[in-house]
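Just below is one structure, and these are the notes that go with it.
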Amino acid sequence: MARIELNGITKSFGAQRALKGLDLVVEDGEFFVLLGRTGAGKTTTLRVIAGLEKPDTGSVSIGNRDVGGWTAAERDVALVLQQYSLYPRLTVRGNLEFPLRSKVRRQSEEEIARRVDRAAKTLQITHLLDRKVERLSGGEMQRVSIGRAIVRQPSVFLMDEPLSALDAKLRESLRVELKKLHAELGATFLFVTHDQVEAMSMGDKIGVLQSGRLVQVGTPSEIYERPLNTFVARSVGSPPMNLIEGRLGAGGAEIGGYSLPVSAAALGARAVTFGVRPENVVLAGGAPAEARVFDIEDQGVIKILAMDMGDTRLHVTVPAGTRVARDEVVRFGWKPERVLTFDPASGVNLALG
Amino acid sequence: MAEIKTKGEMLFNRGAILAVVVALIIMLTPIYWIAATSFKARNLATTIPPTVVFEPTLAPFAKLFTKRSQLREPVAPEVYEAAPWWEKLIYDGGEQVVRNKKTNEPTSSGFGNRYMNSLIVSIISTFLAVSMGTLTAYGFSRFRVPGEQDWLFFILSTRMLPPVVVAIPMFLMYRAVGLHDTHIGLIILYTAFNLSFAVWIMKGFIDEIPREYEEAALVDGYTRMEAFFKIVLPEALTGIAATAVFCFITAWNEYAFALMMTSKNAQTAPPYIPSQVGSGLSDWTVIASGAFLFLVPVAIFTFLLRNHLLRGMSFGAIRK
């Protein structure tokens, strides 16, 4: 069993505080994605769990055992990094065997050969086994890197942006493979990324990290539909959620001189920030509001419109068949039940309080 | 190789080749001169113009290793015939080997011992400086050391003083603690002198090795020590080779301290060779043969490590 639990982890590097009281629970067998921008503390979190970094305060437990005093070697976690992860001068086989030849995890020669072969087959790198790692492409390197993690059969996989150095196509295919691998192995995966598409498409759960704190944890749809604050709201979804300053009045939402219906009217009259995702904005002839189309991005299945309502720039996704031209003035409304309200000062989602 | 396209480039290329040839001639002539002289008969060594074509002889080397005196009268033919080849060479030069009166053993000039001393002191001090320097550099490179910059500066500052300035206090201290004229004394001295250099050079090399390698090894079940030996050391080999060559040359060539801190037991070759110049009429062939032998270890050492050295020199430039 490999449930990971972090309690009140703080970690500073000199004057810079990387983690500020981080609490995190990853259930056994879960594919957990830690999403955050550069400098949010994602990598530090991974390193603390791996035992490469000692937290200033707080406790780390893996499989319900406090591993604070354990070295990285003793923790039975595997680490896949973005780059520089393969041992130079060794062949692919040498790299895959390396962890199985350590004192802690020594295996018999037959067992080593068996595991290496199986890992190579799983990742389709059998033909590369005798190649030096310097002669691999980026995608092959990451495969080997993942292979080196799975030969050990660890209970926890830690992955630090393993796909972000690869090109888009490769990223997509490895994403699928990693999901498949997770399903086969049933181990706990903690995957760190700054890419919201990766987070949305891979995670059983997503944790959104902001400057050393975990802001929200939830399933991808929870994070997407019920973000705790504007930061989380803007972290997932592409194009990001539209945030519109306005007022909640008796007649509904008042934005830019227009009045639109909302279902969250129970809050009383006050200033709020309305949040609406691009796909929940509807273009229609008799709709209440008006905006000028600024730019059109045709993506085949959909079109993404950027439009200006006064000073506010809105993004809208419409079916690709929609006829619309640049600089055209269009009328739009929204799906009232999908509109979120945030406190303008704190950014907190008013519905979740 | 870039292709040569224009006439200008071709001209430049020829000029460059010419410059290299001239530089080579200037740099190699003294070495040729030493090498040639050490194989000449004594009467050919100082001719004007210099003798270029001559029959090489090992007589200078025979003389280098033995203590000799002038022959008063020609040696008896039966004695000459019975002598080993190297002694014949000495007889040919009008000299005889001084032999022990009781045992009749030939007396050594002491050069062999000096040469061995040089090898012992240089190899051991190089090994110590490079290994300690590598470990220290690794520590500075990988761990957060309080006052890291100050420590590094302190280490470097030991090189800011000309060594001669501390020679007299060192001499007095060495005499007081009994390190004067001992191998250990010289080894300590050269190690200390080379250590700061080794730390700085090795830190540069180790900084270039991504720490992700070792961290992967740590997570894969290895201790910090194993990770160092299995991952870092092979990667740092180029830097270690370059550092070792520099340290070895410094220790091998050191003259001032060797002259001052040693007299009999532990004296190295550098102070010995010039000491032969002043004794009576100088035999330049003997001095040249001593200098020639002195060049050989450095040449061999550098030659063996040449691949590492070349990469070592261009290491930073290529990576950055």
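So that the names make sense, note that chain A is the first sequence line, chain B the second, and so on, each numbered from 1.
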Is L218(B) in contact with chain A via its backbone, its side chain, both, or neither, using a 4.5 Å heavy-atom distance?
both
R101(A) versus chain B, the contacting section by heavy-atom distance below 4.5 Å:
both
Do the side-chain N and O atoms of T193(A) and E198(A) include a donor-acceptor pair separated by under 3.5 angstrom?
yes
In terms of side-chain heavy atoms, does T57(A) have a donor or acceptor partner in T10(A) at a distance below 3.5 Å?
yes
Which atoms of L52(A) come close to chain B, meaning under 4.5 Å heavy atom to heavy atom: side chain ones, backbone ones, both, or neither?
side chain
Under 3.5 Å, is there a donor-acceptor pair between the T43(A) and D160(A) side chains?
yes
What part of R144(B) lies closer than 4.5 angstrom to a heavy atom of chain A: side chain, backbone, both or neither?
side chain
Assert yes or no for the condition that the ring centre distance of F197(B) to F246(B) is strictly below 6.0 Å.
yes
Measure Q82(A) against the heavy atoms of chain B and call it side chain, backbone, both or neither at under 4.5 Å.
neither
Side chain / backbone / both / neither for E214(B) at chain A, heavy atoms under 4.5 Å
neither
At a 4.5 Å cut-off on heavy atoms, which part of R152(A) comes close to chain B: side chain, backbone, both, or neither?
side chain
Measuring heavy-atom distances to chain B, does L86(A) have an atom under 4.5 Å in its side chain, in its backbone, in both, or in neither?
backbone
Go through the side-chain N and O atoms of E235(B) and Y213(B) and say whether any donor and acceptor fall under 3.5 Å apart.
no
Without hydrogens or angle criteria, can the side chains of D207(B) and S141(B) be said to hold a donor-acceptor pair below 3.5 Å?
yes
